[in-house]
Amino acid sequence: MAKSIADDSAGTSTPAVPDKTVTHKPAAVLIVGAGFAGLGMAIRLQQAGINDIVILERSTEVGGTWRDNQYPGAACDIPSNLYSYSFAQNPDWSRSFSGSREILGYIHHLVKEFGLDRYIRFGKNVEQLEFDERKGLWSATTSQGEVFSGRSAVMAQGPLSNASFPDMPGIEQYKGHKIHSARWDHGYDFRGKKVAVIGTGASAIQIIPELVKEVEHLTVFQRTPGWVMPRPDFETPEWNKEIFRKLPFTQSVLRQALYLAHESMALAVIWSSPLTRIAERVGRWHLHSQVKDRWMRRQLTPNYRIGCKRVLISNDYYPALQKPNCKLITWPIYTLCENGIRSVEGIEHQFDCIVFATGFEVSKAGSPFPVIGVGGRQLNDDWSRGAQAYKSINVAGYPNLFFTFGPNSGPGHNSALVYMESQLDYAVRGIRKILGENLKMLDVKPHVQKQYNEGIQKRLAKTNWNSGCMSWYLTEDGFNATMYPGFATQYANQMKEFRDKDYLLVPG
Amino acid sequence: MAMIDLDKMLEKVKATQWALADIDWDAPGAEMITEEQWPKLKDFMVDLMWIEHVGARGFAAMAKKAPTETLRQIYSYFHAEEQRHANAEMALMKRWGMLEDGELPEPNINLRLVIEWLDRYADEMPYYVLGTVIPMLEIALDGALCTFLLETVDDPVCHQAFEKINDDESRHLGVGFTVMEMQGHNKTTIQMVKTMAPMLDPRLMLGIAAYFPLLNKMRDNVVKMGLPEEKLYAAMKKFKKIGGRTAEGRRNPWYQLIQHHGAIMVNRANRFYHVPVDAAVKATGMIPRRMLPAVPSWVKELTWEPTA
Ligand SMILES: Cc1cc2nc3c(=O)[nH]c(=O)nc-3n(C[C@H](O)[C@H](O)[C@H](O)COP(=O)(O)OP(=O)(O)OC[C@H]3O[C@@H](n4cnc5c(N)ncnc54)[C@H](O)[C@@H]3O)c2cc1C
Ligand SMILES: [Fe+2]
Ligand SMILES: [Fe+2]
């Protein structure tokens, strides 16, 4: 690991830099990732008058989630009017739940509109982030050995950006074609093919209805069924867009209404309440009205409380499963083999192509790459038993570092971008403080962080996520470092307040 | 058998899987089935395969009811494993020329009634009821029938298949008896008596009405095939012995009930039981097939083909 490189990054005269290392002049703010979070951060900083920004992006294009997830049927499952930034509303959304390409288009539009191109360094994969206490600088080392540094740093590398084939037995032996949902192979011709989809989560239920139209035969392997709710999706008529364009406040009103509607869902999804029962009834009704066969309904009935895992929404998933060229298999898979998949009922199911809709590698206990704080401490060690932060955004011992989508910031019921906006504004205030007061360190006090987390964990214990199902929200030991136990409004309120006394301030 | 560690068991189950494709169904040996054996063996295999399938459905119900995630997963595997046994037995039948292309053999009427009952009510039965009945069925029917089959059939492929099936079965029983003991553990007598409340549930009574004649019918069938009745009874005794090896196991009133029933079933002299139940077998034999509702769709998943 490129250890001492960081010390030379400020452009001091020490010549002992290895040949290939390129070091850059420190920026005010260093951002890792050019998805919604990283770009939103840059916009808000810019609006606050901070322009000395560097965004490191490992890909060659912006967009993160929406650049990577281009599988057939990919779309958001929060209405677009809410799944967008309030400071950059788009009157032209074509439908209530826009497709992936349209969302990516919106992100490109943000880049253009706010002139963010100048900040972004493409093809820079950050492998390590290290803090130099002497200089009060964060430096990021890329795979190519380049070093970028900044007075402050923002982790915006995405909660669901690392996708790879799952570690299933026999996966190496399989000779057919493999596709991961988050790295779609647009060149593959599905016509006349026998195809399997492994997984029945958020991505799978969007892929399946589209694939079934194309392939000769589709087999869906399900491990645990999810709650599937009806999806109120429709096209936005042209006159409606026109109104949004001419009278932007009408769109804000709609956004606010959608926001409140989603807030009310927290009552059903986050905590067990009479509304939870009602929501479950709606889910069961949806299943009943779309699936006639009793056994199939049984296979598709979740055995956990609604909200414990991500609630799915779809109108065409159940019908797709019942198409004559589709088959649902609920037998456990025990291995992949040369020609396909062997499941425990003893049958080898053979396929031309297997689609893995198996989700992402989520770092709940540990950081996606080494992050080194004060005194050489490693975030991986600090988080080994579950990630913790103060208000999801700062971690004691890692001064001047801001997390987007940090520990316990996940929404179960509302747009991630609503939460994101609160984080961005909080980070702006922290960063302004660092720059404005010329601080070397702005570090949250350990006991403040501890107290905050005790409160969070106490509140989490009462939520549906901690009600006994297994989900990617929880660590192996059942610790929930992912979700925020409350309304988005509560979260926004806590983020509105930046209390100096929560922090240790070290002047530069 | 001591109480087993269920987490380790789950790992073991996952690590010891097999598929129909692991067996060469066309290997020589099929000719070892004698002409005289053939028709009776066919009936026997049909029953056996359906019992496996009924067991499968039972485990599916257990999976829904399981008190822990580990058990839920174990039962999901067992559900599929029983299906595999039925599939493998169909493959044997295919090998022995007992199946037409696309044919799914008809279950006998008593099995048919049990299937109907399982489809309607199994998911609503309390965990401890299923948790005691299933080991009983496994040990009595599966156990006795399989050993018998291996004693009468010389075809090596049959032996190869049953070696695998029996390995699975030993794990089913290990878990089954452990769970029966867990249910007798740390409970007061009153709590235990309360677990008997479902006895009054008409749904369970319906189940019993289907289950008793099935046992007698199976007894008749296997005897017809030449299985000494004692074999079946020995298996019942084994259930009593293993289930009752610990105080916890014996405290489980469902165990007590079912093992008593086993004892009665074994005792042909108990006319009080056998006259009406045998009559029920006869009576059910007269139910016209077309009176029965369509078979549930889970039944149609069976296949002898190793690859799909
Ligand atoms: C299929 C799918 C559907 C979704 N639908 C919704 C929805 O409907 N509503 C909702 O609220 N949320 C949804 N989400 C969650 C979604 O991830 C977030 O809403 C949001 O897009 C995350 O933005 P981000 O910028 O934090 O991360 P990303 O969009 O993942 O962007 C992170 C960026 O960082 C880059 N990066 C990562 N690691 C490094 C590194 N080491 N060095 C340099 N660059 C790096 C990546 O290449 C990427 O461009 C969905 C997610 C998926 C996968
Ligand atoms: Fe079996
Ligand atoms: Fe069994």
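As a basis for the values below, the full set of heavy atoms in this structure was taken, side chains included, without hydrogen atoms, waters or symmetry mates. Order of the sequence lines sets the chain letters (A, B, ...), proteins ahead of strands, with each chain counted from 1.
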Task: Side chain / backbone / both / neither for B:Asp123 at chain A, heavy atoms under 4.5 Å - done: side chain
Open item on the list: Check A:Arg342 with B:Asp22, please: is the shortest side-chain N to carboxylate O separation under 4.0 Å?
Closed with: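 The answer is yes: the pair qualifies as a salt bridge.
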More than 12 non-hydrogen atoms from neighbouring residues, nucleotides or ligands closer than 6.0 Å to [atom1] on [X], yes or no?
{"X": "A:Arg281", "atom1": "CZ", "answer": "no"}
{"X": "A:Lys458", "atom1": "NZ", "answer": "no"}
{"X": "A:His288", "atom1": "NE2", "answer": "no"}

TODO: Could you tell me which non-hydrogen atom of A:Pro332 sits nearest to which non-hydrogen atom of B:Ala80, and how far apart they are?
DONE: CD-CB, 3.9 Å
Indicate yes or no: at least one non-hydrogen side-chain atom of [X] is less than 4.5 angstrom from one of [Y].
{"X": "A:Ile347", "Y": "B:Thr307", "value": "no"}
{"X": "B:Arg84", "Y": "A:Val344", "value": "yes"}
{"X": "B:Lys14", "Y": "A:Tyr334", "value": "no"}

Atom [atom1] in [X], atom [atom2] in [Y]: separation rounded to 0.5 Å?
{"X": "A:Ile333", "Y": "B:Gln17", "atom1": "CD1", "atom2": "CD", "answer": "12.5 Å"}
{"X": "B:Ser297", "Y": "A:Arg297", "atom1": "OG", "atom2": "CZ", "answer": "10.0 Å"}
{"X": "A:Glu345", "Y": "B:Glu81", "atom1": "CD", "atom2": "CD", "answer": "11.5 Å"}
{"X": "B:Glu301", "Y": "A:Trp295", "atom1": "CD", "atom2": "CH2", "answer": "9.0 Å"}

Open item on the list: Just so I understand: if I count every heavy-atom pair under 4.5 Å between each of B:Ala63, B:Ala21, B:Ala60 and chain A, which residue has the most?
Closed with: B:Ala60
TODO: Give the intermediate values and the outcome of side chain to side chain contact (heavy atoms under 4.5 Å, CB included) for residues B:Leu20 and A:Glu348.
DONE: CA-CA 8 Å; B:Leu20 266 58; A:Glu348 177 178 313; over 6 Å; no
For a quick test of your reading: what N or O donor-acceptor pairs under 3.5 Å do the side chains of residues 167-175 of chain A make, sequence neighbours left out?
from, atom 1, to, atom 2, distance (Å)
A:Tyr174, OH, A:Phe351, O, 3.1
A:Tyr174, OH, A:Asp352, O, 3.4
A:Tyr174, OH, A:Cys353, N, 3.4

Open item on the list: For residues 214-230 of chain A, give me every residue with a non-hydrogen atom less than 4.5 Å from any non-hydrogen atom of chain B.
Closed with: A:Thr224
